[in-house]
Amino acid sequence: MTMKETMAPYGVLPQPDQHTQPFWDAAKEHRLVIQRCQRCRHYHHPPVFLCTNCNDPKATLAFEGVSGRGTVYAHYVHHFKNIGGFEDKAPYPVVAVELEEQRGLLMVTNILHCPYDQLRVGMPVEVVFEKASDEITIPQFRPRK
Amino acid sequence: MTTRETGWRRDRLGLRVWPHRGKVAIVGWGMSPVDRRWDGVSMDKTLGAYGILAIQRCLEDAGVKAEDVDGLLVCPETGAGATGGSSADWGPTRPYFAPPYDSEWGLSRLNAKWLTQNTPGLKNVKYAPEQVPAIGEEMGMAAEAVATGRCKVALLIYGMNNFEGRYRQGGQNEDDHARGDRQWSAPWSTADWLQLSGAVYVQQYCQKYGGTWEELLGPIVVNQHRNGLLKQPSDYEGWGYYAKNGPSGLTYEEYVNARPVIWPSRIWDCDRPCHSVGAFLFTTAERARDMRQKPVYVMNHNEGSARAQRSSQQVLEDAEEGRAWVAKMVYEGSGWRPQDVDIFNPYDGYSMFLPLSLEAFQWHGVKKGEAKDLVKGDISVKGPHPFSSGGGNLGNGRTRTAMYIDSIQQLRGTAGPRQVRVKAETAICAYAPGVAASYICLANSPS
Ligand SMILES: [Zn+2]
């Protein structure tokens with residue numbers, strides 16, 4: 001039975017930009033925030049430049065805190081050593097988590113503390129945070145107790 | 001010419017039946033051998049040499065002289081890259097050779113200039129656009145070029161190159177910082193979007209409609225391999241990797257126990273990168289009448305892509321809706337209904353695409369959630385539901401030509417051991433990753 005307790009050290013770090021800085025700033029404080037349309041209240045992840053739900057070019061988009069709870073929407077175990085910075089980590093698990101705030105609101109991360117053969121669609125999970133550098137903290141998920 | 005011609009694209013609903021339906025025909029095809037990659041030594045096996053060979057075989061098939069060709073469409077992107085379909089823009093650092101191999105053109109890449117300079121007799125080409133899309137849309141572009149009189153006899157060339165070394169090395173994959181959209185995937189080292197989305201759809205599919213990954217995809221992958229091996233000696237080296245190099249078959253058990261890649265996807269769920277060139281000859285229906293082969297008429301073509309999601313990630317319902325939109329457009333443009341389609345060769349870079357395309361087009365009456373039932377039965381070419389009779393890219397390697405070659409052969413009645421036992425008068429085929437709409441409709445009669 002294999003599982004990951006950590007994905008550190010991180011070989012590839014995100015480069016936040018003006019548009020995405022709030023997400024990474026919050027992660028550093030162990031808070032999960034997701035971009036939300038202030039007009040139609042639809043969440044977006046990854047963040048967008050124009051709300052694809054109401055398509056209103058005047059609608060503002062802002063990051064808002066979410067519960068960090070969700071369920072596994074899909075999962076896989078990455079055996080292929082084709083991605084730079086992760087060659088030594090394979091096999092490692094990846095999940096698409098559907099956040100409880102909205103149907104189809106998916107976030108793709110790894111899953112920690114979960115034996116690979118226990119990965120199931122619908123499994124309840126919660127966010128955890130891993131420090132990757134002084135600047136960057138990476139959100140991850142683990143099974144919810 | 002540097003401007004991108006886009007006026008020819010049929011990429012939305014409401015365009016009605018293609019006005020040139022049945023007025024253009026495919027009259028020849030040719031295929032080079034399919035190798036794993038160029039060996040770096042054999043100058044008769046470069047992508048350029050294979051391009052010339054494919055052209056000669058295509059013209060021989062059609063009974064047309066190189067001098068008669070006045071249109072040449074060559075897709076310059078020959079490598080699958082970080083985005084799945086476009087060139088990754090990297091390559092080995094190496095010394096070049098004497099002309100015509102004094103650059104990457106002719107070795108690992110192809111364009112109209114190199115081919116016109118190096119293919120004997122190809123001296124009357126007047127229409128040779130520089131911006132040519134991948135084969136799915138290239139087919140429509142060639143058909144439209146003939147239909148609208150830009151040229152009378154058009155050669156379509158599509159090559160695939162496969163460099164040695166780590167798959168998808170270079171470029172963004174070498175970067176230790178994830179910028180732009182990659183900041184939402186690279187830190188967790190997720191698979192490329194197409195593969196990830198395929199895994200997402202299939203797991204949700206099984207959750208929603210029942211069955212397992214293996215039950216849904218196993219029979220499809222086995223069928224693709226079986227069809228890819230059903231070749232006749234007169235077909236150029238079997239125009240596929242496996243027909244030439246083996247393995248000589250794949251069982252369900254072998255599929256289930258195969259090497260995990262992005263588990264639960266196995267190595268056989270992914271197409272194998274290869275080194276090959278395919279060529280197709282298009283002309284007017286009028287000229288086609290007196291040519292060597294029974295013409296295969298173009299009844300419609302489509303391009304573009306569905307706008308498939310309301311949120312920023314695509315889920316099963318988005319993928320289903322997106323493909324349904326594509327199918328609606330293809331049926332509108334051809335004037336066909338699902339029951340009018342005999343041969344169906346959708347795109348299979350990953351096996352995960354196939355069940356959803358099957359259901360969206362409702363081929364043989366298969367509706368949402370029913371692909372899993374069809375594949376439990378007989379989907380071989382000998383049976384009543386010969387799904388993906390060409391074997392696609394999973395059964396032939398990543399040539400991206402198998403869907404087209406098989407459709408042409410089935411409509412001509414020359415598929416040999418792969419010839420379906422049911423009627424073969426119409427075909428729909430595609431190189432259409434994700435929710436792309438790049439489909440072409442073919443028929444053995446113009447009406
Ligand atoms: Zn909105």
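Keep in mind it's a predicted model, so treat the numbers as computed, not measured. Lettering follows sequence order; numbering is per chain, from 1.
A:Tyr73 touches chain B through backbone and side chain together, each having a heavy atom under 4.5 Å away. Of the atoms belonging to A:Leu106, heavy atoms from both backbone and side chain fall under 4.5 Å from chain B. If you measure heavy-atom distances from A:His75 to chain B, the contacts under 4.5 Å come from both the backbone and the side chain. Of the atoms belonging to B:Ile267, not a single heavy atom falls under 4.5 Å from chain A. Residue A:Val108 touches chain B through both its backbone and its side chain, counting heavy-atom pairs closer than 4.5 Å. Contact of A:Glu98 with chain B is not made at all, since no heavy-atom distance falls under 4.5 Å.
For the set A:Ala90, A:Pro16, A:Ala74, the entry with the most heavy-atom pairs within less than 4.5 Å of chain B is A:Ala74. Between chain B and the residues A:Ile136, A:Ile138, A:Thr20, the most heavy-atom pairs under 4.5 angstrom are made by A:Thr20.
Of all heavy-atom pairs spanning A:Pro93 and A:Ile111, the tightest one is CG-O, 3.4 Å. A:Val94 and B:Thr190 get closest at one heavy-atom pair: CG1-CG2, 3.6 Å. Of all non-hydrogen atoms in A:Cys114 and A:Leu119, the two that sit nearest each other are SG-CD2, 4.0 Å. In plain terms, the two heavy atoms of B:Tyr242 and B:Gly395 that are nearest each other are CD1-O, 3.4 Å. Residue B:Trp268 comes nearest to B:Ala258 through the heavy atom pair CD1-CB, 3.4 Å, listed as atom of the first residue, atom of the second, then distance.
Under the 30°/60° scheme for interplanar angles, the aromatic rings of A:His30 and A:Phe129 are found to lie parallel.
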